[in-house]
Amino acid sequence: MKELHNRILKDGHALSETVLKVDSFLNHQVDPNLMYEMGTYFKNYFKEHEITKIFTIESSGIAPAVMTAMQMNLPMVTLKKQSSKILNGDVYQTTVHSFTKAMDYELTLSKKYITAEDRILIIDDFLANGEAALGAARLVEEAGAQVAGIGIVIEKSFQPGRKVLEDKGYEVYSLARIAKLGEGLIEFVE
Ligand code: G4P
């Protein structure tokens with residue numbers, strides 16, 4: 001997505017060889033026009049995939065996911081990083097390990113918001129090791145539903161996430177694929 005590449009080059013900062021800071025338009029302040037454009041790209045890519053619902057993981061996946069849901073005229077569900085005690089009723093829950101943040105969290109989905117007939121598009125802001133997307137996929141499959149695709153805003157292609165997800169048979173579509181980060185350096189996959 002050309003607009004996203006340009007924005008990453010203009011406003012993104014490589015904090016190290018592994019972390020890209022994009023606080024000014026995605027992770028802290030949000031640019032709604034850019035999010036809307038992301039929704040257009042995801043809709044165009046996944047429009048023939050018979051998607052019934054969009055899932056995302058709180059919190060930075062919400063903006064691109066809601067724009068995609070709006071454009072596809074589908075409901076959007078946020079997977080919570082909360083324990084089941086906080087949510088009422090029956091839930092599906094799985095533990096996700098974040099290598100970037102060196103912590104575990106519980107990903108939670110109310111059983112009310114998925115059925116076995118659903119075909120889910122998972123949208124998230126970053127793909128690093130693929131653990132968050134794998135956790136979301138586990139919840140979908142526990143409900144007997146299908147993962148119809150995974151849409152990522154920024155994929156760090158030098159980390160194993162895409163391979164991990166593709167090896168499990170999931171289709172991954174990323175709007176920006178970063179090949180290399182370094183001091184003052186941001187390179188995209190050709
Ligand atoms: P994984 O799911 O691909 O395995 O990724 P990982 O757990 O390692 O990433 C954990 C969190 O760190 C996620 O945010 C993810 O968006 C974020 N993250 C990973 N790499 C980068 C990066 O290079 N830049 C930025 N800005 N974020 C990165 P989160 O904990 O879910 O937080 P949030 O969604 O509330 O922002």
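Both ligands and their constituent atoms are indexed starting at 1 by order of listing.
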**Message:** Between the side chains of R162 and E155, is the shortest nitrogen-to-carboxylate-oxygen separation below 4.0 Å, so that they form an ion pair?
**Reply:** yes
**Message:** Taking CG in D104 as the centre, count heavy atoms belonging to other residues, nucleotides or ligands within less than 6.0 Å. Is the count above 12?
**Reply:** yes
**Asked** Taking N or O atoms only and a 3.5 Å limit, does G61 qualify as a polar contact for ligand 1?
**Response** no
**Message:** Pairs of nitrogen or oxygen atoms closer than 3.5 Å, one from A132 and one from ligand 1: do any exist?
**Reply:** yes
**Asked** Within less than 4.0 angstrom of ligand 1, does E58 place any heavy atom?
**Response** yes
**Geometric N/O contact F126 with ligand 1, under 3.5 angstrom** = no
**Asked** Does any N or O atom in K156 lie less than 3.5 angstrom from one in ligand 1, N or O only?
**Response** yes
**Prompt:** Quick one: does G130 get within less than 4.0 Å of ligand 1, heavy atoms only?
**Reply:** yes
**Prompt:** Judged by atom type as modelled, is there a donor-acceptor pair below 3.5 Å linking the side chain of R177 to the main-chain atoms of S157?
**Reply:** no
**Item:** E58 side chain vs K81 backbone, donor-acceptor pair below 3.5 Å
**Value:** yes
**Prompt:** What part of N129 sits under 4.0 Å from ligand 1 if we count only heavy atoms: the side chain, the backbone, both or neither?
**Reply:** both
**Prompt:** Do ligand 1 and K81 have nitrogen or oxygen atoms that lie under 3.5 Å from each other?
**Reply:** yes
Side-chain polar contacts of residues 62-71 - donor-acceptor pairs under 3.5 angstrom, sequence neighbours left out - could you list them?
residue, atom, partner, partner atom, Å
T68, OG1, P64, O, 2.7
Q71, OE1, T40, OG1, 3.3
Q71, NE2, Y36, O, 2.7
Q71, NE2, T40, OG1, 3.0

**Asked** Would you call D31-R7 a salt bridge at under 4.0 Å N-O?
**Response** yes
**Message:** Tell me the contacting part of N27 for ligand 1: side chain, backbone, both, or neither, using a 4.0 Å heavy-atom threshold, strictly below.
**Reply:** side chain
